[in-house]
Number of protein chains: 2
Amino acid sequence: MKAVLFLALHTDEDHKMMVKDVYGRINVPQSYLAKLLQELSKHNVISSARGPKGGFYLSAINKELPLIKIVDVIDGEQRLRSCLLSIKECDSENPCALHHLVGNANSYFIENLENTSIADLIVDVRDGKTVLPL
Amino acid sequence: MKAVLFLALHTDEDHKMMVKDVYGRINVPQSYLAKLLQELSKHNVISSARGPKGGFYLSAINKELPLIKIVDVIDGEQRLRSCLLSIKECDSENPCALHHLVGNANSYFIENLENTSIADLIVDVRDGKTVLPL
DNA sequence: GTTAGAATATGATAAAAATCAGATTTAGGA
DNA sequence: TCCTAAATCTGATTTTTATCATATTCTAAC
Ligand code: FES
Ligand code: FES
């Protein structure tokens, strides 16, 4: 998340960044970040270019992607959507004992991840409404 | 959580259960469950008695404890309360870029954990309003 | 074309979390 | 009193996740 937001803020088709210019800014080891970015790139969540003048960047299309893509690629689609008590399906029809604790909080969060694009967040950061501690 | 709820449902001062009678029901390895229960017992979230006729159980007092105790003991107090982007303090004064995504969802969840007792959940299970898949 | 700079791929290592194993303490009952 | 059944304690092992290291492929520029 940090890396993608950082890239969203500082890169585009004409301004790429290498992992070695990013990892220090977000306090993540270089190799680990490389693997994460490669994974995101492979799934077309972010873009990359090899060779000199290459690097990672977010295309205009990338920036319009919903945030949920990032967590789905990195953590898997089940990470946020599974029942707290491991019931097969989490729905309000047959709620587990903990279901109401979360209430619509979790689905609210997921829906926000689905409906908010990377670009949306960057707008707020640029407007100073939110802060990116990088 | 599963184990505590299971114990809440099936034990009291006069009806204790041993880990070997619990672990199979909640699909958790015996030794791991033992360690978790011991930790909870050490912090007085659940009760235990050694020797023959002993076992783990939830006293009336235990059952009135808020659920947050369980997660604080097992996962640490920071697990649910830290900023998604690792800002020192997560508050709406200086929100990070992801803060509004969670909105009040997270605090809603935490407050529920703080205001709901183990006993409260058991009531719903007994009433058939929720299900404990055990 | 050749070179050098970048991501990519692959496997190894380290750290953290989960799991296992066994010795130790406590307590009930014969 | 002594035996046995349970939790407790301690440390080791396994599994997962994070991190490292290195070889490979692509590509822009000369
Ligand atoms: S059914 Fe368990 S969290 Fe929804
Ligand atoms: S400030 Fe980051 S989640 Fe609240």
Side-chain angles (χ1 to χ4, degrees), chain A residues 1-4 6-7 10-59 62 70-80 82 86, chain B residues 1-4 6-7 10-59 62 70-80 82 86:
Chain A
M1 276 286 183
K2 288 188 195 176
V4 171
F6 184 78
L7 289 176
H10 293 105
T11 72
D12 58 32
E13 281 87 348
D14 301 321
H15 303 82
K16 299 157 188 159
M17 287 187 82
M18 300 179 293
V19 317
K20 68 170 175 178
D21 296 320
V22 176
Y23 81 92
R25 303 293 297 274
I26 64 176
N27 222 43
V28 164
Q30 176 165 11
S31 304
Y32 186 41
L33 176 62
K35 212 165 227 181
L36 293 176
L37 290 183
Q38 283 166 24
E39 194 70 10
L40 289 169
S41 176
K42 183 197 292 187
H43 288 83
N44 301 309
V45 175
I46 70 178
S47 304
S48 64
R50 294 187 187 187
K53 267 285 175 185
F56 290 99
Y57 65 99
L58 267 71
S59 68
N62 294 147
I70 301 170
V71 2
D72 282 349
V73 166
I74 299 298
D75 292 306
E77 304 194 354
Q78 292 313 301
R79 183 59 168 272
L80 292 180
S82 45
S86 319
Chain B
M1 276 287 183
K2 287 189 196 176
V4 171
F6 185 77
L7 289 176
H10 293 104
T11 71
D12 57 32
E13 282 85 348
D14 301 320
H15 303 82
K16 301 162 185 149
M17 285 187 84
M18 300 179 293
V19 318
K20 70 171 174 176
D21 296 320
V22 177
Y23 81 94
R25 303 292 296 276
I26 64 176
N27 222 42
V28 165
Q30 176 165 10
S31 304
Y32 186 42
L33 175 61
K35 211 166 227 182
L36 293 176
L37 291 183
Q38 285 166 21
E39 194 70 11
L40 289 169
S41 176
K42 183 197 292 185
H43 288 83
N44 301 310
V45 175
I46 69 177
S47 305
S48 63
R50 294 186 186 189
K53 268 288 174 183
F56 290 99
Y57 64 100
L58 267 72
S59 69
N62 291 149
I70 302 170
V71 2
D72 283 348
V73 166
I74 300 299
D75 293 306
E77 304 195 353
Q78 292 312 304
R79 183 60 167 271
L80 292 180
S82 44
S86 321

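Treat the numbers as computed from the prediction; the structure is a model and nothing was measured. Quick note on labels: first sequence line is chain A, next is B, and so on, each numbered from 1.
Of the candidate nucleotides C:dA7, D:dA29, D:dA18, D:dA29 has the atom nearest to the side chain of A:Lys53. Here the nucleotide nearest the side chain of A:Tyr32, chosen from C:dA18, D:dT19, D:dA28, is D:dT19. For A:Pro52, the listed nucleotide lying nearest its side chain is D:dT27; candidates were D:dT27, C:dA7, D:dA21. With distances taken from any side-chain atom of B:Lys35 to the nucleotides D:dG11, C:dA21, D:dT8, the minimum falls on D:dG11.
B:Lys20 is listed as a side-chain neighbour of B:Gln30, based on a closest heavy-atom distance under 4.5 Å. At least one side-chain heavy atom of B:Met1 sits less than 4.5 Å from a side-chain heavy atom of B:Val71.
Side chain A:Lys16 to base C:dG5: no donor-acceptor pair is found below 3.5 Å. In the interface, the side chain of B:Arg50 is not paired with the base of D:dT8 through any donor and acceptor atom under 3.5 Å apart. In the interface, the side chain of A:Lys42 is not paired with the base of C:dT8 through any donor and acceptor atom under 3.5 Å apart.
OP1 and OP2 of D:dA7 both lie 4.0 Å or more from every side-chain N or O belonging to B:Ser41. OP1 or OP2 of D:dT8 sits under 4.0 Å from a side-chain N or O of B:Ser48.
The backbone N or O of A:Leu7 lies less than 3.5 Å from a partner atom in the side chain of A:Thr11, making a donor-acceptor pair.
Atom-to-atom distance recorded for B:Asp72:CG and B:Gln78:CD is 9.0 Å, nearest 0.5 angstrom.
Rounded to an integer number of Å, the gap from CG of B:Leu33 to C1' of C:dA17 is 16 Å. Summarising the geometry, the separation between CD on B:Gln38 and P on C:dC20 is reported as 15 Å, rounded to the nearest angstrom. Remark: P of C:dA6 and NE2 of A:His15 are 16 Å apart, rounded to the nearest angstrom. Between the P atom of C:dA7 and the CG atom of A:Leu36 lies a distance of 14 Å, rounded to the nearest Å.
Checked options B:Phe6, B:Tyr57, B:Phe56; the residue passing with B:Met17 is B:Phe6 (criterion: side-chain contact (heavy atoms from CB on, under 4.5 Å)).
Closest-nucleotide positions on DNA chain C for A:Ala34 and B:Pro29 were compared, and the one nearer the 5' end corresponds to A:Ala34.
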